[in-house]
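Quick notes on the structure that follows.
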Amino acid sequence: MRMNIARLSRRALACAVAVGAVLAARPAGATVSVCIDSSNPAHAMDRRVVQAVARQQGTDAAIYTFDGSGAGDDDGFDVRKFSTLAASRCALVLGFPVDATHGAVPEGMRATAPYARMGFVLVTPRGHEAETLAALPNGTDVAVTYLTAPNLYFVKHPNVHADIYPTDAQTIASVVHRTDRAAMVWRASAVAYLPGGEKARDYCMHALSEPHADWDVVALYGPQGAAAAASFQKSIAALRRSGQLAALLRPYAMSPANPIVLAAAEAPAAPAAAPATPAAGGAKPALFTAAQADAGKKAYADNCAQCHGDNLEGMAGPALKGKNFASPKANFHVGDVFTIVSQNMPATQPASLPHDVYVNIMAFLLQQNGMPAGSAELTFDGAKSSTVPLVYSGD
């Protein structure tokens with residue numbers, strides 16, 4: 001999911017490896033060597049953090065910048081390239097968001113303990129304040145960015161309607177220009193794009209208390225970056241204890257990450273364990289027919305493969321198959337995924353396909369992620385309301 005920021009997080013599943021020039025060439029270990037995504041609206045925060053870490057260690061910071069938006073790259077970014085980025089350009093890749101409920105990171109990578117807590121916020125003009133979606137009047141149009149977590153919330157809040165925009169900047173602009181009464185957006189984007197940022201007098205920001213709204217920010221690293229990751233974590237813990245970390249994170253982060261986690265992080269975190277297949281006796285229900293999945297295969301090829309790959313492996317859009325897409329730790333359900341598919345796809349014309357086409361595409365996605373076919377057809381309303389866990393079972 002690429003977070004613009006944030007195709008769900010989008011940035012958590014996408015970025016590019018167009019890396020800028022080396023700022024300093026020094027012997028290994030003599031600098032704090034990091035990569036920072038210039039398209040991340042909180043990139044200034046990450047620069048401050050690494051510079052403070054370098055000062056705390058009595059050394060210099062070597063910062064390599066890359067564009068994680070995928071701009072100019074028709075094929076988008078394969079998350080497996082993170083390992084190439086870390087191996088060839090820097091010891092740590094800063095600013096990577098992971099869902100606070102499960103903390104999945106790209107395969108083959110490791111993550112430090114989180115150093116900041118970010119998330120999605122509800123933005124409203126002053127005079128129309130609302131701290132929650134439930135507090136908005138019936139029929140309120142709420143701006144949301146394509147393929148971000150808040151797209152999931154409309155099903156549980158029928159009092160509001162989705163108005164989907166391709167970028168966070170446009171989502172915020174809809175509130176600024178009064179096209180929409182409210183917006184749900186990544187906090188760092190709200191700070192970056194609201195007139196006046198965090199101190200904008202004409203707007204209110206409230207953290208959303210919804211599923212997948214809270215995210216931790218970590219540094220990614222490969223096997224060769226373990227020593228740098230351990231030093232980074234110790235410096236972050238020292239900055240937190242001194243009170244400096246909170247100041248470095250403002251106004252982009254809601255708070256430093258859990259201080260207990262940081263204080264206890266004496267060594268870098270181990271790679272996330274491979275998700276287990278469903279326990280014996282927990283057979284998956286048959287939600288669709290084989291005919292629907294067959295029809296969905298063609299509909300997927302016609303409408304989705306250009307962005308998500310011929311084999312659902314991900315290209316400009318995230319992968320739609322596999323343990324990173326449907327992890328048991330992610331706690332996604334069929335209805336969650338179908339809501340995003342039916343509201344956000346295809347990218348050029350969201351929600352433009354007939355209901356039966358969306359249902360068939362969903363049947364194909366379920367089949368490809370290991371769900372069995374049955375005799376009863378999947379329906380549009382049934383898919384949208386389904387609470388069946390979507391967990392990949394395959395090789």
Side-chain angles (χ1 to χ4, degrees), residues 5 11 23-24 26-38 40-65 86 90-100 103 105 109-121 186-192 196-199 205-207 213-221 224-270:
I5 255 191
R11 194 171 165 273
L23 300 186
R26 298 177 182 267
T31 61
V32 179
S33 171
V34 304
C35 290
I36 292 178
D37 180 1
S38 60
N40 178 356
H43 66 86
M45 178 193 82
D46 286 323
R47 281 183 174 272
R48 291 198 299 264
V49 168
V50 72
Q51 288 163 353
V53 165
R55 287 194 298 271
Q56 200 276 334
Q57 295 180 10
T59 185
D60 298 322
I63 302 174
Y64 305 75
T65 59
C90 52
L92 302 172
V93 183
L94 261 64
F96 190 86
V98 294
D99 192 326
V105 300
M109 298 300 294
R110 301 184 180 188
T112 64
Y115 60 89
R117 172 62 62 91
M118 287 193 184
F120 292 95
V121 295
W186 190 244
R187 178 184 173 87
S189 294
V191 172
E198 183 191 35
K199 297 181 180 179
M205 277 192 288
H206 294 285
D214 291 330
W215 293 68
D216 288 324
V217 182
V218 303
L220 298 180
Y221 64 97
Q224 75 288 347
S231 296
F232 177 82
Q233 291 191 159
K234 290 179 180 179
S235 294
I236 288 293
L239 291 170
R240 184 197 61 78
R241 288 193 297 268
S242 70
Q244 296 178 65
L245 183 60
L248 294 168
L249 301 179
R250 285 195 290 264
Y252 302 101
M254 293 181 285
S255 66
N258 189 328
I260 298 176
V261 173
L262 283 170
E266 296 299 328

*Nearest heavy-atom pair of Ala190 and Val121: which atoms, and what distance?*
CB-CG2, 4.3 Å

*asked:* Using 0.5 Å steps for rounding, measure from the CG atom of Leu94 to the NE2 atom of His43.
replied: 13.5 Å

_Non-hydrogen side-chain atoms of Val218 and Pro114 separated by less than 4.5 Å_ = yes

_Holding to side-chain hydrogen bond (donor to acceptor under 3.5 Å, both in side chains), I want the full list of residues that pass it with Ser242, two or more places apart in sequence or in another chain._
Gln244

Quiz: residues 48-57 side-chain donor-acceptor pairs under 3.5 angstrom, not counting sequence neighbours:
residue	atom	partner	partner atom	Å
Arg48	NE	Leu248	O	3.2
Arg48	NH2	Leu248	O	2.9
Arg48	NH2	Arg250	O	2.7
Gln56	OE1	Ser235	OG	2.7
Gln57	NE2	Ser231	O	3.3
Gln57	NE2	Ser235	OG	3.0

*Enter the distance from Met45:CE to Ile36:CD1 here, rounded to the nearest 0.5 Å.*
9.5 Å

*Work out which heavy atom in Met118 is nearest to a heavy atom in Ala42; give both atom names and the distance.*
CE-CB, 3.6 Å

_Keeping Thr112 on the side-chain end and Ala219 on the backbone end, is there a donor-acceptor pair under 3.5 Å?_
yes

*Which heavy atom of Ala62 sits nearest a heavy atom of Thr31, and at what distance?*
CB-OG1, 3.9 Å

*Might you work through the ring pair (Phe, Tyr, Trp, His ring centres under 6.0 Å) test for Tyr115 and Phe232, ending with a clear yes or no?*
CA-CA 10 Å; Tyr115 60 89; Phe232 177 82; 5.7 Å; yes

*asked:* Which heavy atom of Ala253 sits nearest to which heavy atom of Ala116, and what is that distance?
replied: CB-CB, 4.0 Å

*State which residues pass ring pair (Phe, Tyr, Trp, His ring centres under 6.0 Å) with Tyr252; sequence neighbours excluded, sorted by chain then number.*
none

*List the atom of Pro97, the atom of Gly95, and the distance in Å for their closest heavy-atom pair.*
CD-O, 3.4 Å

*Within a strict 4.5 Å, meaning less than it, do heavy atoms of the Val191 and Met205 side chains meet?*
yes

*asked:* Show the nearest heavy-atom pair for residues Tyr64 and Ser33, with the distance to one decimal.
replied: CE1-OG, 3.4 Å

*asked:* Could you walk me through whether Asp216 and Arg117 satisfy the side-chain contact (heavy atoms from CB on, under 4.5 Å) test, starting with their C-alpha distance in whole Å, then the side-chain angles of each, then the deciding distance to 0.1 Å, before giving a yes or no?
replied: CA-CA 5 Å; Asp216 288 324; Arg117 172 62 62 91; 2.6 Å; yes

